[in-house]
Amino acid sequence: MFRKMSVVIAFLCAAGVYAQSPRLRADNVDEVFRAMTLKEKAELVVGGGWASLFSGFGIPFTGHPRVPGAAGVTNAIPRLGVPQIVLADGPAGLRIKPGGKDEAEKRYCTAFPVGTALASSWDTALVSEVGAAIGDEALVYGVDVLLAPGMNIQRNPLCGRNYEYFSEDPLVAGKIAAAYVRGVQSQGVGATAKHFAANNQETNRFGNDSRMDEATLRAIYLRPFEIVVREAAPWLIMSSYNSLNGERTSESRWLLTDVLRREWGYRGVVTTDWAAKRDTKRQIAAGNDLMMPGDALQKSELKRAVKSGKLAVAQLDTCVKRVLELIVKTPSFLGYKHTNAPDLVAHAALSRRAASESMVLLKNDGCALPLGDVRSVALFGASSYDLVAGGTGSGFVNKAYSVSLADGLRGAGFLIPSALSDDYAAWAGKKSHRQKSGGFGPVQKYLGLGALKEKPLDVEYIRRYVSQSDVAVVTVARQAGEGKDRHLEGDFLLSDVELSLINDVCSEAHAQGKKAVVVLNVNGVVETASWKHLPDAILLAWCPGQEGGNAMTDVLTGVVCPSGRLACTFPVRYEDVPSAGNFPFSVRGEKPKNCVDSTVYAEKDSVGYRYFNAVGAEVSYPFGFGLSYTTFAESRGEGSVRVTNTGAVAGRHVVMLYDESSPMRPLVFFAKSPLLQPGESWSVAVQKER
Ligand code: GLC
C-alpha cells in the first residue's frame with residue numbers, strides 16, 4: 001500500500017512540476033533557461049547520437065529518427081516544450097537517405113555543382129539561388145540546419161576536400177560563402193559555416209595541428225569566416241577537428257569567444273564537427289555550444305565538471321541559452337509541417353544553369369568551340385559515359401539521377417558511335433574499374449563509388465571512331481572526398497593511360513582534319529601544362545552536379561557562353577605550389593610521413609596567386625583566368641567600371657580589381673555582369689575591400 005501511495009505521490013509531484021514548467025516560446029528563453037535542471041542543460045548541449053546518420057542502413061539500434069540519413073539531432077526536453085532539431089549535410093545538396101519502398105516515396109535531393117565549381121561562377125546572386133534551393137529541400141524534408149557551406153581556403157591542390165571549398169583567395173571564399181548562407185537561411189533554415197578554422201588538409205584531420213603566425217591566420221584563414229559572419233550571420237559555425245597553434249579549435253576560447261564573438265560580433269551557435277576529439281568542459285568554457293553527434297559520456301562529463309567546480313555553471317548557461325535561441329528560430333520549433341515534396345524539376349534546372357555558369361573555358365584555339373556544323377562526336381573517356389557529379393563523404397548527395405556528357409550530347413541531337421558507347425558501358429560495368437576515393441572505407445559505397453579508371457585504347461580503335469565522326473572529345477575525371485588527401489601520381493598528374501588517350505585522340509583528329517576537345521570533369525586542380533598543347537580546346541567542367549552532361553553540352557554547343565573564371569591557380573608543377581614542402585605527401589598506397597601531427601604554414605600569406613604574383617613565377621592557368629565566346633572591353637572610371645560586349649555573341653564578364661600597390665596583387669573587388677548582348681554595356685560601382 002505504502003509503495004502504491006509513494007508512486008502516486010511521486011507522479012503527482014512530477015505532474016505538478018510538469019504543469020508548472022514554462023513552455024518554450026520565442027520570447028521566454030530566459031524563463032525556460034532558469035527552469036532547466038543541470039541534467040536538462042547537459043541534454044541540450046550534447047547531441048542525440050549517431051542514430052539518424054546511420055539509420056536506414058539496417059545497422060542495429062540505429063533507431064528510426066525523423067529524417068533518416070541526417071547527420072544528427074539535438075535532444076528534446078518535453079517538460080519545457082523544447083523540440084528536437086535535425087541537422088544534415090552538405091554543401092552540394094542535402095544529404096539524407098532516400099528511403100522509401102518505391103520510387104514515388106523516395107526522398108531524393110538535388111546534386112548541385114560542388115563548391116569549387118560554384119565559386120568559379122564568381123556570381124554571388126547565382127550562389128544565393130543555389131543556397132536557397134538547398135535550403136528549401138532541407139525545409140521540405142524536415143531538416144532545421146544544413147551543415148554547409150564548407151569554406152576553408154584551398155591552401156594546397158592535394159587537399160581531399162578542396163572540391164567542397166571555394167577558393168585560394170579569402171575575398172572570393174568569403175563573398176561566395178556569404179551568398180550561399182544568405183540563400184540557405186532565406187528559407188527559414190540554418191546554415192553552418194565550416195570548418196572553423198585552418199582545416200586545410202585531410203591527413204590526420206582529427207589530430208593535426210595547423211601552425212602559423214597570427215597575421216597569416218587573420219589575413220588568409222580567418223578572413224572568409226569574418227566576411228561570412230559580418231555579411232550573412234550564419235545560424236551556426238562548425239569548429240574544426242584540427243588544432244590551431246597547439247590548441248584544439250573547439251576548445252579555443254581565443255578563437256570561439258574573443259575573436260568570433262567579441263571582435264566579429266557573432267551571435268549564433270558553435271557546434272563541434274562530428275565526434276571531434278575533445279575535453280567537453282574545455283569546449284563549453286571556450287564557447288563551443290553544441291557537441292555533435294553527442295554521446296552519454298559527454299553529458300556525464302559535463303555534470304561532473306559542474307558539480308566538482310571544474311566548469312563554471314555560468315559558462316554552461318551561456319551555451320545553453322545560445323542553443324535555445326537557435327531552436328526557437330527553427331522550423332521544428334515553429335511547427336512547420338514538411339511535405340517531403342520539393343520541386344526537384346525546378347531545382348534540377350537551376351543545377352544545370354549553375355553548372356554551365358561555373359564552367360571555365362581554358363583553351364579554344366581556332367574557335368574549335370562552340371561546336372558548329374557538327375553532327376557526330378567520337379566521345380572518349382570513361383567518365384564521358386559515367387559523370388562524376390560530385391565528391392564523396394559528407395559532401396555526397398543521394399540524387400535521383402545524373403546526366404553524363406554522352407546523355408547530354410545525345411539529348412541535344414548529336415550522334416555517338418554506338419559500338420564505342422557500348423564498349424565504355426561494358427567497361428563501367430566492371431566494379432574493378434572503380435578507383436576508391438575519400439577515406440570512408442567500407443561506408444564509401446554509401447557515399448560515392450569513386451571515379452572510373454581510364455580505359456586503354458589502341459590507335460587503330462581511336463582512328464576508326466574518329467573517322468566516323470565530325471569532332472573528337474575526351475573526358476578526364478577525378479573524384480575525392482573527406483578523410484583522405486589526394487595523391488600526385490594518377491591524381492594531380494594524369495595517368496599514362498589518360499595522357500596516351502589525349503595524345504592519340506588529338507593526333508588522330510588532327511590527322512583527319514578534325515578538332516579535338518578535352519573536358520575536365522575534376523574535383524580540383526590537375527596538371528595541365530604537359531599536355532594542354534595537344535587539344536584545340538579545353539573545358540573545365542569541375543564536378544558539375546546531376547545535370548552535368550546537359551550543362552557541358554550547353555557550353556560546348558554555345559547555348560551558354562562560358563563565363564566561369566578560375567578561383568584557384570593551376571600551377572605548371574605541383575612542386576611550384578608554395579605549400580608543397582609543408583603539406584602531407586605520399587606515393588599511392590603509402591601513408592604520408594610528413595605534416596601528419598603538425599603542419600607549419602611556412603608560406604604565410606603567400607597562398608596561391610599571391611605567391612606566383614610576388615615571385616613572378618609561371619603558371620599553367622592563372623587565378624581569374626577563363627575564356628569566352630565573345631570579347632569585352634572595360635573602362636575604369638572613378639569608383640566604377642564600365643563593361644561593353646565588343647564581340648558577336650551574348651556573354652557575361654567578371655570585373656576583378658587587384659591591389660596593384662602590393663607585389664602579391666591581392667584581389668580587392670569583383671562583380672559579375674548580367675548577360676550582355678553584343679554592343680551592350682553595363683556599369684558597376686566599386687567597393688574595394690581592405
Ligand atoms: C564530417 C565532416 C563535416 C560534416 C560532419 C557531419 O566528418 O567533417 O563536414 O558536416 O562530419 O557529417
Side-chain angles (χ1 to χ4, degrees), residues 47-57 62 65 67-74 85-97 109 114-116 134 138 143-153 159-166 177 180-181 184 189-208 210 225 234-243 248-250 269-278 288 290-295 390-398 437-441 443-444 446-448 480-485:
W50 288 96
S52 53
L53 183 60
F54 289 107
S55 68
F57 291 111
T62 52
V67 184
V73 293
T74 60
I85 67 171
V86 180
L87 303 88
D89 292 299
L94 185 68
R95 185 169 69 83
I96 58 174
K97 186 117 176 53
C109 296
V114 297
T116 200
I134 301 174
V143 170
D144 298 291
V145 169
L146 182 75
L147 300 169
M151 53 181 289
N152 292 93
I153 288 294
C159 173
R161 292 189 84 167
N162 277 354
Y163 81 91
E164 291 184 81
Y165 303 156
F166 296 127
Y180 184 104
V181 167
V184 169
V189 298
T192 307
K194 68 184 186 181
H195 310 85
F196 192 55
N199 185 177
N200 307 101
Q201 69 184 59
E202 288 304 288
T203 301
N204 188 24
R205 61 178 178 154
F206 290 92
N208 181 262
S210 300
F225 289 95
W235 290 10
L236 292 92
I237 281 183
M238 183 186 288
S239 54
S240 55
Y241 285 130
N242 58 285
S243 293
R248 289 189 192 125
T249 61
S250 65
V269 160
V270 175
T271 176
T272 62
D273 198 340
W274 263 232
K277 286 184 183 172
R278 85 285 170 161
N288 197 114
L290 199 51
M291 317 304 143
M292 294 305 284
D295 61 46
T392 61
S394 57
F396 183 74
V397 180
N398 289 303
S437 60
F440 271 74
V443 185
Q444 179 69 37
Y446 295 112
L447 299 173
E482 70 176 273
K484 211 167 137 192
D485 287 317

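When a ligand or atom number is given, it counts from 1 through the structure's own listing order. Just so you know, these numbers use all the heavy atoms, side chains as well, and skip hydrogens, waters and symmetry mates.
Under the 3.5 Å distance criterion, with hydrogens and angles disregarded, no donor-acceptor pair is assigned to the side chains of N288 and S250.
For ligand 1, the atoms lying closer than 4.0 Å to a non-hydrogen atom of K194 are 3 (C), 4 (C), 9 (O), 10 (O). Residue contact check: L147 has heavy atoms under 4.0 Å from atoms 10 (O) of ligand 1. Atoms of ligand 1 lying under 4.0 Å from at least one heavy atom of M238, given by number and element, are 10 (O).
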Chi angles and distances behind the salt bridge (Lys or Arg N to Asp or Glu O under 4.0 Å) call for D273, R278:
CA-CA 11 Å; D273 198 340; R278 85 285 170 161; over 6 Å; no
Report the C-alpha distance between E202 and K484 in whole Å, list the side-chain angles of each, state the deciding distance to 0.1 Å, and finish with yes or no for salt bridge (Lys or Arg N to Asp or Glu O under 4.0 Å).
CA-CA 5 Å; E202 288 304 288; K484 211 167 137 192; over 6 Å; no
Tell me, with the steps shown, if H195 and R205 meet side chain to side chain contact (heavy atoms under 4.5 Å, CB included).
CA-CA 11 Å; H195 310 85; R205 61 178 178 154; over 6 Å; no
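For Y163 (side chain) and T392 (main-chain N/O), a donor-acceptor pair under 3.5 Å exists by modelled atom type.
The shell of residues lying under 4.0 angstrom from ligand 1, judged by heavy atoms, excludes E164.
With a heavy-atom cut-off of 4.0 Å, E202 does not touch ligand 1 at all. Counting heavy atoms under 4.0 Å from ligand 1, residue M292 does not touch it at all.
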